[in-house]
Asker: 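I am attaching a structure below and will ask some questions about it afterwards.
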Amino acid sequence: MNERYDPSEVELKWQAIWERDDTFRTPEGDDLPKRYVLDMFPYPSGAGLHVGHPEGYTASDIVARYLRCKGYAVLHPMGFDAFGLPAEQHAIKTGTHPAVTTQQNIETFRRQLKRLGFSYDWSREVDTTDPGYVRWTQWIFLRLFERGLAYQDEVQVNWCAALGTVLANEEVIDGRSERGGHPVQRIPLRQWVLRITQYADRLLDGLDHIDWPNSTKTMQREWIGRSVGAEVRFAVEGADDVIEVFTTRPDTLFGATFMVLAPEHALVAEVTTDAQRGAVEAYVTAASFKSDLDRQQSKQKTGVFTGGYATNPVNGARVPIWIADYVLAGYGTGAIMAVPAHDTRDFEFATQYGIPIIEVVSATGAASAEPLTEAMTEPGKAVNSGAYDGLETQAFKERITADLEAAGNGKRRVEYKLRDWVFSRQRYWGEPFPIYFPVTTDGDPRQGAAFTIHHDEPIAVPDEELPLRLPDLEDYEPGDDPAGVLARVMDWRFFQKDGRWYARETNTMPQWAGSCWYYLRFMDPHNEQDPWSPEAAKRWLPVDLYVGGSEHSVLHLLYARFWHMVLYDAGLTAEVTEPFARLVHQGMILGEIEYTAYRKAGELVSAEHVKKTDEGFVDTRDGAAVEAERVAPEAIKKKGSAFVLEADEGVVLTSRAPKMSKSLGNVVNPDDIIARFGADALRTYEMFMGPLEATKPWNTDNIQGVRRFLDRLWAVGTKTPSEDAPADALLRLTHKTIQKVGDDIEAMRFNTAISAMMVLNNELNALDAPPRASVETLVQLVHPFAPHIAEELWERLGHTRSVQAEPWPEVDPALTVDDVIEVPVQVNGKVRGRLTLARGADEATAIAAAEADEGIAAHLAGKAVVKRIWVQDKILTIVVKG
RNA sequence: GGCCGAGUGGCGGAAUGGCAGACGCGGCGGAUUCAAAAUCCGCUGUCCGCAAGGGCGUGCCGGUUCGAGUCCGGCCUCGGCUACCA
């Protein structure tokens with residue numbers, strides 16, 4: 001017997017060898033077929049890797065290693081998405097330059113990733129904050145700018161004057177800043193915006209041709225939110241103004257009993273009568289202090305009558321105009337025709353303010369006898385609609401849209417929920433925009449001379465001057481200028497050229513910028529002439545497998561697709577329209593399962609009486625507050641379908657796995673796990689936990705089981721093997737295992753692949769001298785999962801080159817099935833016996849054998865056989881009666 | 001409210017419409033040991049039974065089928081995402 005398995009010794013040894021031999025360098029040339037296997041690169045936070053990271057990374061690493069063995073040239077790179085707020089906030093607190101913090105964090109991440117034995121080609125590492133990378137991010141921005149896809153606009157932002165900063169929606173609570181509780185107002189601020197809406201239809205259509213999870217495609221479709229309807233023009237009474245509305249239900253035009261403008265709508269002041277002006281202005285001001293979030297969360301609808309009226313173009317009816325914040329300025333035209341009978345929101349509003357409700361669609365084609373009690377939003381037949389009565393909804397929509405168009409009162413219109421993408425941030429730690437503006441000044445603005453910046457004349461920094469670098473700062477605190485931190489850096493901001501003054505853009509790009517194209521840079525990361533070469537694009541695009549969390553289902557994946565399409569239009573993507581051909585999301589890893597008991601004033605309360613509310617836990621019987629208390633697993637037993645306290649069986653507990661979080665103190669650190677069990681055990685355990693896509697609870701006891709598997713594998717691999725061919729049964733098991741593991745890797749069912757390997761391992765472990773052929777096959781199969789132990793055993797089995805360089809074991813299909821099989825026999829749906837038959841035996845043989853079987857015959861005795869169903873090599877079913 | 005997903009032993013989980021519970025954890029028993037850890041072997045859904053054997057079992061109700069964890073319809077519970085988009 002050889003020495004014990006010491007993971008850290010084996011793992012560090014092989015990591016050094018891989019590094020020395022450059023084992024995972026991407027092959028040059030294009031003689032091998034290619035596969036591009038990509039992970040979503042991490043943000044290198046100060047906390048280091050958590051156990052969620054290695055889950056997706058291990059999955060892709062298994063596929064990458066497997067594909068190399070299958071004869072593919074594999075591109076499997078890693079990098080860092082390193083711009084972002086935490087480093088900037090750290091800088092504000094400590095004065096440390098974000099670049100310094102970022103580099104430290106990257107080093108930690110890189111070390112941790114290497115310690116897990118991932119087969120990345122580290123020579124291709126990218127860091128989005130590296131000026132050599134920023135240069136090309138800026139270069140791509142300029143391509144967008146040239147194409148008219150990047151423009152400036154006044155966008156409503158959450159401005160907090162007290163903090164001197166623009167806040168994200170999540171940072172605003174009840175109209176006040178999350179930090180400090182200062183008032184926050186919606187103000188328009190000049191921003192860079194990307195015209196993603198121009199690509200809405202292509203982004204939608206492209207989804208039909210990619211192998212992505214359905215849920216993700218659905219989310220993107222809903223995010224884009226294409227809806228077809230009509231634009232309808234309502235003339236304002238007593239003025240020349242026209243209010244345009246967008247509606248998906250032009251067939252309900254006869255039921256429009258009021259109109260609503262968003263408080264920000266341009267015509268609000270125009271239509272308001274003097275009598276109503278005070279109330280309207282107060283409402284508009286109040287609305288400007290509410291965030292989108294607040295508006296949506298308030299349950300009750302509010303609004304004010306403007307005093308003005310418009311005319312319904314189809315019947316000349318007089319329609320009162322209201323303003324209300326349930327109508328969003330940013331969608332459609334910012335104005336609606338309200339049809340309370342057939343829209344839930346309008347119904348609610350009309351009911352509240354006593355506005356008439358006119359039914360214009362009914363299921364039967366006859367108007368209802370009773371007043372409606374809720375909005376009827378289903379299609380049906382038109383009523384109360386003049387000449388259109390009786391028309392089906394769909395036909396009505398088409399007819400009236402055509403009629404409106406003919407009369408000049410409207411037209412067909414397509415709307416999207418998707419907004420253009422606000423692409424600037426008032427922060428320091430991001431890519432500066434390679435844009436500057438002419439300045440009018442009577443002196444040197446850096447010395448305090450007055451200046452005017454002509455933002456309407458943006459000028460691109462020439463490509464050859466990129467990258468435009470960030471200035472170094474002493475102080476990263478946001479200032480009182482909404483234009484951003486960089487606006488204070490006068491020496492950087494202003495410069496003279498040909499005797500004229502210019503000012504740089506002081507906004508920076510959002511974190512998404514770098515992650516929108518990193519998969520392209522990986523193809524050709526050291527190219528100094530171009531962001532990547534046409535040859536590289538032709539060789540590697542598209543990404544064949546992209547693995548990452550479903551939290552990026554919409555934004556990152558939509559933005560990256562958008563940029564890719566723009567770059568496609570620029571002729572840079574080798575005619576590949578979609579960047580990520582196949583996408584897989586790894587599931588979340590939760591903390592260990594916890595059991596919770598509840599106490600009210602010290603007394604235990606059974607869980608069925610406890611309900612979680614926003615304030616905490618309460619007793620549903622009297623509404624009293626209840627405390628949650630964690631219970632150790634030893635103090636628990638199962639009773640029926642519930643868990644109860646062993647000491648008091650009347651007390652029902654709840655069991656659930658909470659998310660890992662610092663505040664719960666249940667975060668598992670991969671470094672600790674590697675120290676105790678080894679990287680191979682961690683990798684294999686994370687794959688063994690369950691299906692890759694599923695949310696799964698962590699359980700440290702279970703990793704011990706995987707470690708035992710590796711210990712036994714070590715025992716098998718270090719025994720002196722037999723040079724004889726495997727016995728028939730073992731040979732067949734070996735081939736079945738090759739088949740299963742290969743199939744499972746391709747379908748990314750790693751948990752069942754591991755269990756198949758465990759079965760073979762257990763068989764081999766029972767032998768004193770396991771046959772070499774089977775042992776070597778097992779080591780090869782294990783290699784993508786637990787590469788270090790596999791390399792070590794492969795070497796000990798007498799091989800001199802890396803197991804990664806070996807071709808994947810061949811399956812003999814004839815050996816993946818047995819000659820003699822056991823076939824169950826059912827009588828009336830219950831298994832009553834089993835037959836041992838030659839594979840391929842016919843029905844007559846099976847029936848004869850079944851009837852000869854004593855146990856089965858007993859169930860047939862005295863009964864009439866109604867039917868026999870013989871499924872070849874699977875099952876024999878006999879249906880009897882009587 | 002909407003969308004997506006999931007409910008199977010004490011636990012994580014297996015099962016192209018064809019033997020439910022593979023594999024692993026935990027538990028119980030045994031071997032080894034002076035003893036323990038580690039390791040190895042056996043048992044382990046549940047109920048009845050000394051046993052042979054049998055009954056019941058995949059959240060609930062119903063359906064399709066010779067046969068349903070799997071397909072269909074209706075619920076319940078949990079999780080994630082999203083939320084007045086006219």
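Letters go in sequence order (proteins before strands), and every chain restarts at 1.
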Asker: Identify every side-chain donor-acceptor pair in residues 332-339 of chain A under 3.5 Å, counting partners at least two apart or on other chains, and give the distances.
Answerer:
residue	atom	partner	partner atom	Å
A:Thr333	OG1	A:Glu244	O	2.6
A:Thr333	OG1	A:Ala335	N	3.4
A:Thr333	OG1	A:Ala335	O	3.2

Asker: List the atom pairs, with distances to 0.1 Å, where a side-chain N or O of residues 748-755 of chain A and a protein N or O form a donor-acceptor pair under 3.5 Å, not counting sequence neighbours.
Answerer:
residue	atom	partner	partner atom	Å
A:Arg749	NE	A:Asp744	OD1	3.0
A:Arg749	NH2	A:Asp744	OD1	2.9
A:Thr752	OG1	A:Asp744	OD2	2.8
A:Thr752	OG1	A:Arg749	O	3.2
A:Ser755	OG	A:Thr752	O	3.2

Asker: Could you spell out the base pairing of RNA chain B as a dot-bracket line? Use Watson-Crick and G-U wobble contacts where both distances are under 3.5 Å, [ ] for crossing pairs, | for partners on a different strand.
Answerer: (((((((..(((.....[....)))((((((.......))))))((((....))))..(((((..]....))))))))))))....
Asker: Going by the rule ring-ring contact (aromatic ring centres under 6.0 Å, His included), which residues pair with A:Trp223 if we only count those two or more places apart in sequence or in a different chain?
Answerer: none
Asker: Report the residues that fulfil salt bridge (charged side-chain N to carboxylate O under 4.0 Å, His left out) with A:Asp680, sequence neighbours left out, ordered by chain and then residue number.
Answerer: none
Asker: Could you pull out all residues at least two apart from A:Phe688 that satisfy ring-ring contact (aromatic ring centres under 6.0 Å, His included)?
Answerer: none
Asker: Using the closest heavy atom to pick a nucleotide of RNA chain B for each, name whichever of A:Lys417 or A:Ser215 lands nearer the 5' end.
Answerer: A:Ser215
Asker: Going by the rule salt bridge (charged side-chain N to carboxylate O under 4.0 Å, His left out), which residues pair with A:Glu415 if we only count those two or more places apart in sequence or in a different chain?
Answerer: A:Arg413
Asker: Is it true that a side-chain atom of A:Asp420 and a backbone atom of A:Ile196 form a donor plus acceptor pair closer than 3.5 Å?
Answerer: yes
Asker: By salt bridge (charged side-chain N to carboxylate O under 4.0 Å, His left out), which residues pair with A:Arg732, not counting sequence neighbours?
Answerer: A:Asp728, A:Asp819
Asker: At a cut-off of 3.5 Å, list every protein nitrogen or oxygen paired with a nitrogen or oxygen from nucleotides 44-47 of chain B, distance to 0.1 Å.
Answerer:
none

Asker: What residues form a salt bridge (charged side-chain N to carboxylate O under 4.0 Å, His left out) with A:Asp201, not counting sequence neighbours?
Answerer: A:Arg226
Asker: From the list B:C81, B:C25, B:G24, which nucleotide is the closest neighbour of the side chain of A:Met219?
Answerer: B:C81
Asker: Considering residues at least two apart in sequence or located in another chain, which fulfil the ring-ring contact (aromatic ring centres under 6.0 Å, His included) criterion with A:Tyr353?
Answerer: A:Trp322, A:Phe349
Asker: B:G26: syn or anti, with syn meaning chi within 90° of zero?
Answerer: anti
Asker: What string of B, S and - do you get for nucleotides 50-66 of chain B, 5' to 3', if B is base contact, S is sugar-phosphate-only contact and - is no contact with any protein heavy atom under 4.0 Å?
Answerer: ----SSS---------B
